[in-house]
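Working notes, beginning with the structure itself.
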There are 2 protein chains.
Amino acid sequence: MRVRVEVAVFTVRAGVLQVLLARGPGGAWLLPAADAGSGELLDQTAASAARDVAGLRGISMEQLFTFDRLPDAMSVAYLALIDAGRHPLAPGPDSVEVRWFAHDDLPVLVDGQDAVVAYGLARLRAKTAYAPVAVNLLPEMFTLGEMQAVYEALLGRDLDSRNFRRDVLGAGVVDESGEVRAEGRGRPARLYRSAGGHFAVDARERRAARQISSGDDPPS
Amino acid sequence: MRVRVEVAVFTVRAGVLQVLLARGPGGAWLLPAADAGSGELLDQTAASAARDVAGLRGISMEQLFTFDRLPDAMSVAYLALIDAGRHPLAPGPDSVEVRWFAHDDLPVLVDGQDAVVAYGLARLRAKTAYAPVAVNLLPEMFTLGEMQAVYEALLGRDLDSRNFRRDVLGAGVVDESGEVRAEGRGRPARLYRSAGGHFAVDARERRAARQISSGDDPPS
DNA sequence: GCAAAAGTGTTCTTTGTACACCCATGG
DNA sequence: CCATGGGTGTACAAAGAACACTTTTGC
């Protein structure tokens, strides 16, 4: 039985949620993928796929779901979130081209890869409700305005900045750096960084991202 | 690459959450399992495992996670919830014995199967917060007292019956049957049945099971 | 008539949501 | 001096948690 590992890599650029695709020699657009096996862990295979296809290294990933690929294969799907600014793309040996696509304007994908993207998106949105996913999509230092923009791109709706600030700061998911950054016009913004460490998921801490909400459920 | 499908089947009996295990010819306790392949869908393979190992038919299942089984295999884990009363156990060809174990008093399992059980349990508890999982663990007709007992077994804590009734009835996840059942001493209870159909996951409907709460996150 | 489980409402606390103004900078 | 984004607090609405007593039956 052939086992494939496919990775849906998301980023937010210019306020738009985007997905990474590679164009293979045949001209079709594909998710970064690799074959599992050879004594390698699935997580490692997923990391290899991101590295060999798109030049991405050291990104954090999470397993999503395992899809059938009849007649005799299956695909273990992964979700990765990165800051595109810190990870320049470098097409690997088997890719003609690697680039970002707006999540709502994808080309036709092979097989059932659109299901992988759709499920990754659903999971990503669901996680905004209880995990500080935005920090994975931002540079090391960021302003709360940038963070809010990421959540707005993920959720597709506007958030109230006063409530957003209160909740994020109250949840303790970010630390103030002490520095500020002037961003063209307007008052300079304070810079924050992730307080690091995953955080416990109980009602008290969930307040963080609760402006925010969505449901999760397996695909197909 | 060898792909195995393993199923963690849960039930609630006598107020205790239990897991189904089979003892193989070698004497070790195992989860019901089968090899994937032969053009069969993973969901079908999971159904076959439950049928061939334990005689369970027509039970609903959901994929959980895919685990590494080094050096050259992997295991696609499934979660199943059943009412033990409606599904008598019948050991299949490769099982010496099939029985229920209290979730907190399991024998030693092979390989990484304890991780499958642990993750299944975590997922099951997380789902109580937004899905009417109890109806899968109850007979077709049941009382609210029985339903509450199931949630208490799942969550390991007591719930307030007034709030529980208000929330469950308000969420519309059960229909009144009109019948009542005298259960020995005490006032006879009304019988309900599942209102059927999965239900939308938005804040309004989540109230149902919110006495109830927990977090989800991938294993290992 | 008493033990045992079913059934029913209200109060209080916490959480979420809506909302308006002043501040610091660049042009 | 004005346009632009950053920063702060309060009032109202909704949801969740805590809580006591009456009803119907078997024994």
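Chain A is the first sequence line, chain B the second, and so forth, proteins listed ahead of strands; every chain is numbered from 1. No hydrogens, no waters, no symmetry mates; every other heavy atom, side chains included, goes into these values. Just so it is clear, the model here is predicted, and its values are computed rather than measured.
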May I ask you to check whether A:Phe164 and A:Tyr151 place their ring centers less than 6.0 Å from one another? yes
Could you tell me how far apart [X] ([atom1]) and [N] ([atom2]) are, to the nearest whole angstrom?
{"X": "B:Glu183", "N": "C:dG7", "atom1": "CD", "atom2": "P", "result": "12 Å"}
{"X": "B:Met147", "N": "C:dG7", "atom1": "CE", "atom2": "P", "result": "14 Å"}
{"X": "B:Asn163", "N": "C:dC12", "atom1": "CG", "atom2": "P", "result": "16 Å"}
{"X": "B:Arg157", "N": "D:dA18", "atom1": "CZ", "atom2": "C1'", "result": "14 Å"}
{"X": "A:Gln148", "N": "D:dG5", "atom1": "CD", "atom2": "C1'", "result": "11 Å"}
{"X": "A:Asp160", "N": "C:dC21", "atom1": "CG", "atom2": "P", "result": "15 Å"}
{"X": "A:Arg165", "N": "D:dG6", "atom1": "CZ", "atom2": "C1'", "result": "6 Å"}
{"X": "B:Phe164", "N": "D:dA15", "atom1": "CZ", "atom2": "C1'", "result": "18 Å"}

Test of understanding: with salt bridge (charged side-chain N to carboxylate O under 4.0 Å, His left out), list the residues that count as partners of B:Arg51, not counting sequence neighbours. none
Holding to salt bridge (charged side-chain N to carboxylate O under 4.0 Å, His left out), I want the full list of residues that pass it with A:Glu97, two or more places apart in sequence or in another chain. A:Arg23
Test ring pair (Phe, Tyr, Trp, His ring centres under 6.0 Å) applied to B:Trp100 - qualifying residues, sequence neighbours left out: none
Just how far is it from atom CG of A:Leu41 to atom CE of B:Met74, taken to the nearest 0.5 Å?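 Between atom CG of A:Leu41 and atom CE of B:Met74 there are 9.5 Å.
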Contact class for B:Arg190 vs. all strands (heavy atom < 4.0 Å): base, sugar-phosphate, or nothing? sugar-phosphate
Heavy atoms under 4.0 Å is the rule here; annotate nucleotides 20-27 of chain D 5' to 3' with B where the base is hit, S where only the sugar-phosphate is, and - elsewhere. B--BBBS-
Proximity to the side chain of B:Arg166 - top-ranked nucleotide from D:dA18, C:dT17, D:dC19: D:dA18
Estimated bend of the helix from C:dG1-D:dC27 to C:dG27-D:dC1 (axis per five terminal pairs, rounded to 10 degrees):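 Roughly 0° between the end axes, to the nearest 10°.
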Does the side chain of B:Asn136 reach to within under 4.5 Å of the side chain of B:Ile82, using non-hydrogen atoms?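 Result no, sub-4.5 Å side-chain heavy-atom pair not found.
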Test: salt bridge (charged side-chain N to carboxylate O under 4.0 Å, His left out). Region: residues 135-146 of chain A. Which pairs qualify, not counting sequence neighbours?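 Every salt bridge (charged side-chain N to carboxylate O under 4.0 Å, His left out) pair that includes a residue of residues 135-146 of chain A, provided the two are not neighbours, is A:Glu140-A:Arg193, A:Glu146-A:Arg181.
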Decide side-chain contact (heavy atoms from CB on, under 4.5 Å) for B:Leu31 and B:Leu21; before the verdict, give the C-alpha distance in whole Å, the side-chain angles of both, and the deciding distance to 0.1 Å. CA-CA 5 Å; B:Leu31 292 175; B:Leu21 296 178; 3.6 Å; yes
Is it true that B:Ser75 and B:Glu6 share a donor-acceptor pair across their side chains at a distance under 3.5 Å?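 A pair is found: one side chain offers a donor N or O, the other an acceptor, under 3.5 Å apart.
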